[in-house]
Amino acid sequence: MSTTDQTKQEAATTPAVVTKPEPTASERFMNKVVSEFGSSVGEVALTNFQKRLAQNYFIALDAILKLTEEKRQKKRTNQDPVPVTWVNVNMEKLARDVVAMARVGFDPSQPNHINPIPYKNKHLGKYDITFIEGYRGIELKATKYGLDVPDHVTVELVYSTDKFRPVKKDSKNKYEGYEFEIVNAFDRGNIIGGFYYHNFSQAPEKNKLVIMTKKDIEKRKPDHASAEFWGGEKDKWENNKKVGTETIEGWYDKMAWKTIYRAAYGDITIDSQKIDDDYLRLKQMESDFAEVEVDEEIKANANGAIIDITPTDPPADEPENPPASAAERPVKKADGPPKAIDPDNFVDDVPPINQEMQF
């Protein structure tokens, strides 16, 4: 056999080298979550529900990362050089956080459960992702970990034409309560305050009424609240050009109601015997992000320039979701005319974590 023929025969019999494709972002995410879940519960196999929940987290995170990267590229000044992509996400921390959130019951595909917010970890040079609880998320956590969970929680705004009379527990009244009448349902006047009521049907002596004045509600308003949500002045655009400012009504009533709702469930005492590793993980996330907020605020004030610690706003919130995140602390100027505001989808309009934790 000639040398040429031998070479051809060897080429024909030698198997082609198959290059193993790199795992996709979704595959890397799922592998990390499965690994973390297995290490924490002692088993690797996830149930179908757990797999679906993990996929919901990936979908929500993937969307917010893409939105954040778009905003990073549009920034004219102080643009972070690190792209907001999966390759630059701190996957170790994210996997631990996602497992904890999932086991508590938070589902990012459900309105007002949880909102992911990317922010830069200056020590690692990567992006960490924190999760801000929506009003349903706060309710879920309080219900799961609460010491005395009310049978029913009532949240109401009080308008100038309404009739409201609190009934405090005293020598004449065995239980705390209230009388509330809406006199004109179609023209209730201006908001003058609100209240929430914890009702215990089997132990009415525990009933609790908390009244909030309009001033109390305003205290919980974000430092730089969006005019689209809370009302006020905003830029006016015509033909893609800014032509001045205008005053808009916003959705103040919905934002005020959500603020009281958050306070109502935040007022439920946590049972120390119910605290588990997942709850501690949630508190650690809140603490870490609050520290970042404080650090960046100090830098911003010291240097005389605003520094964005979160390159994006969290995903859309339903109307009842309370105001929510630090991303809006610095007033952001729009690059063009704003998109139409959907009254059923409020975005990123809650107080910074360290501000909310004070109440």
Side-chain angles (χ1 to χ4, degrees), residues 111-113 115 132-143 149-169 175-200 207-234 247-268 316-325 328 341-352 355-356 358-359:
N112 309 310
H113 263 220
N115 295 326
I132 303 295
E133 298 158 9
Y135 89 100
R136 286 298 183 191
I138 290 179
E139 177 186 357
L140 187 154
K141 185 173 70 175
T143 302
V149 180
D151 299 307
H152 184 67
V153 176
T154 300
V155 176
E156 292 282 358
L157 291 173
V158 179
Y159 292 77
S160 55
T161 64
D162 297 337
K163 291 183 179 180
F164 173 72
R165 186 177 80 87
V167 178
K168 301 302 289 184
K169 185 177 179 180
Y175 315 124
E176 209 162 273
Y178 63 93
E179 295 177 3
F180 183 52
E181 179 185 355
I182 298 176
V183 178
N184 188 344
F186 299 102
D187 187 9
R188 297 176 65 185
N190 300 320
I191 294 175
I192 58 176
F195 67 92
Y196 63 84
Y197 184 64
H198 291 176
N199 177 261
F200 298 85
N207 291 354
K208 181 179 181 180
L209 173 68
V210 175
I211 301 170
M212 296 177 66
T213 65
K214 188 174 181 180
K215 183 178 180 180
D216 294 329
I217 296 172
E218 292 284 344
K219 286 179 182 178
R220 292 162 170 81
K221 180 179 176 181
D223 295 334
H224 297 287
S226 295
E228 287 89 348
F229 303 128
W230 288 88
E233 270 196 0
K234 59 167 290 188
T247 301
I248 60 175
E249 182 179 359
W251 300 89
Y252 184 89
D253 55 342
K254 294 182 182 294
M255 304 310 294
W257 183 87
K258 293 187 295 179
T259 300
I260 300 174
Y261 200 103
R262 290 179 78 92
Y265 280 96
D267 195 21
I268 296 176
D317 242 357
E318 296 298 327
E320 294 80 14
N321 192 33
S325 130
E328 206 175 48
I341 295 298
D342 182 354
D344 291 330
N345 287 280
F346 292 108
V347 204
D348 179 47
D349 209 22
V350 302
Q355 177 183 336
E356 189 172 56
Q358 297 172 5
F359 295 105

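All of these numbers come straight from a predicted model, not from anything done at the bench.
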Subject >> Ring-face cation of Lys214 near Tyr252 (centre distance under 6.0 Å, axis angle within 45°) >> reply: yes
Original post:
From Ile268 CD1 over to Thr143 OG1, what is the distance, rounded to the nearest 0.5 angstrom?
Top reply: 6.0 Å
Original post:
Would you say Asp267 and Lys208 make side-chain contact, with heavy atoms under 4.5 Å?
Top reply: yes
**OP:** Give a yes or no on whether the backbone of Leu209 and the side-chain of Glu176 come within a donor-acceptor separation of less than 3.5 Å.
**Re:** yes
Subject >> Atom of Ser160, atom of Gly189 and distance for their closest heavy-atom approach >> reply: OG-CA, 3.4 Å
**OP:** Specify the closest pair of heavy atoms between Ala263 and Arg220, including all atoms of both residues, with the distance to one decimal.
**Re:** CB-NE, 4.3 Å
**OP:** State the NZ-CG distance between Lys254 and Leu157, to the nearest 0.5 angstrom.
**Re:** 10.5 Å
Subject >> Partner residues of Lys141 under the side-chain hydrogen bond (donor to acceptor under 3.5 Å, both in side chains) criterion, sequence neighbours left out >> reply: Glu133, Glu286
Original post:
Can a donor-acceptor pair be found between the side chains of Tyr261 and Glu139 at a distance below 3.5 Å?
Top reply: yes
Subject >> Backbone of Ala264 reached by a side-chain donor or acceptor of His198 within 3.5 Å >> reply: yes
**OP:** Measure across Tyr159 and Arg188 and return the closest heavy-atom pair with its distance rounded to 0.1 Å.
**Re:** CB-O, 2.9 Å
Original post:
Thinking salt bridges, do Lys215 and Glu218 make one under a 4.0 Å N-O criterion?
Top reply: no
Original post:
Taking all atoms of both residues into account, what is the closest heavy-atom pair of Ile191 and Asp253, and its distance?
Top reply: CD1-CA, 3.6 Å
Subject >> Interatomic distance, Lys234 atom NZ to Thr247 atom OG1 [nearest 0.5 angstrom] >> reply: 11.0 Å
Subject >> Distance, nearest 0.5 Å, that separates NZ of Lys163 from CZ of Phe180 >> reply: 12.5 Å
**OP:** Determine yes or no for a side-chain-to-main-chain donor-acceptor pair under 3.5 angstrom, with Asn207 supplying the side chain and Phe200 the backbone.
**Re:** yes
Original post:
What's the shortest heavy-atom distance between Ile138 and Gly266, and which atoms?
Top reply: CG2-N, 4.1 Å
**OP:** Measure the spacing between CH2 of Trp251 and CZ of Phe229 and express it to the nearest 0.5 Å.
**Re:** 11.0 Å
Original post:
Could you give the distance from OH (Tyr197) to OH (Tyr178), rounded to the nearest 0.5 Å?
Top reply: 7.0 Å
**OP:** Search all heavy atoms of Ile211 against all heavy atoms of Pro166 and return the closest pair with its distance.
**Re:** CD1-CB, 3.7 Å
Subject >> Arg262 and Tyr196: side chain donor to acceptor below 3.5 Å >> reply: no
